[in-house]
Amino acid sequence: MLGGGKGPGVPTPKYAKAVKVVNNGASAINVTVSYDDHKNNAEIHEKADLAPGASFEFPEKSLDMGSWQAAAPVKHISCGSVNLVPSVGQVVPQLLVHVDGAGKLSQQP
């Protein structure tokens, strides 16, 4: 029932809009962020090379739905063979991800 506060309603959206990646390692890395293009049933991939100690902000992506714009949620972040799927409890404007010297990805709340 909507509006009455009782019963099931519309579930809260849970996704990240953008990502900031920080390279905490001593070597350069290549990071790919994949966004969900649910309009075209595809993924949008953005790549960046990060020097040691550098960071890069992968921006929010929008999908043109005609008379309105939809967000393309971040689907996963990868560095080499390591893949991270964001785990969030709400819409997050920018997810912070650290990459350590071993290439391990960790997200910050």
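Because the structure is predicted, anything quoted here is derived from the model rather than measured.
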Minimum heavy-atom separation for [X] to [Y], with atom names?
| X | Y | value |
| --- | --- | --- |
| P52 | G25 | CB-O, 3.4 Å |
| A72 | I44 | CB-CD1, 4.4 Å |
| L63 | A71 | CD1-O, 4.2 Å |
| V99 | C79 | CG1-SG, 4.1 Å |
| A18 | P59 | CB-C, 3.9 Å |
| V22 | S55 | CG2-CB, 3.9 Å |

Which distance, rounded to the nearest 0.5 Å, do you find between the [atom1] of [X] and the [atom2] of [Y]?
| X | Y | atom1 | atom2 | value |
| --- | --- | --- | --- | --- |
| E46 | T32 | CD | OG1 | 9.5 Å |
| Q107 | L105 | CD | CG | 10.0 Å |
| S106 | N24 | OG | CG | 7.5 Å |
| E43 | H38 | CD | NE2 | 13.0 Å |
| Q90 | T12 | CD | OG1 | 9.0 Å |
| Q69 | K61 | CD | NZ | 13.0 Å |

V82 vs K104, test: side chain to side chain contact (heavy atoms under 4.5 Å, CB included). Steps then yes/no. CA-CA 7 Å; V82 180; K104 180 182 174 190; 5.6 Å; no
With the 4.5 Å side-chain cut-off for hydrophobic clustering, are [X] and [Y] part of the same group?
| X | Y | value |
| --- | --- | --- |
| Y15 | V21 | no |
| W68 | Y35 | yes |
| V85 | V74 | no |

Would a distance-only check, ignoring hydrogens and angles, find a side-chain to backbone donor-acceptor pair under 3.5 Å from N23 to A51? yes
Counting neighbours of NZ on K39 that are heavy atoms of other residues, nucleotides or ligands and sit closer than 6.0 Å, is the number greater than 12? yes
Over 12 non-hydrogen atoms of neighbours within 6.0 angstrom of CG in N40: yes
Applying the side-chain contact (heavy atoms from CB on, under 4.5 Å) criterion to F58, which one of L95, V33, I77 satisfies it?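 Filter result, single survivor: V33.
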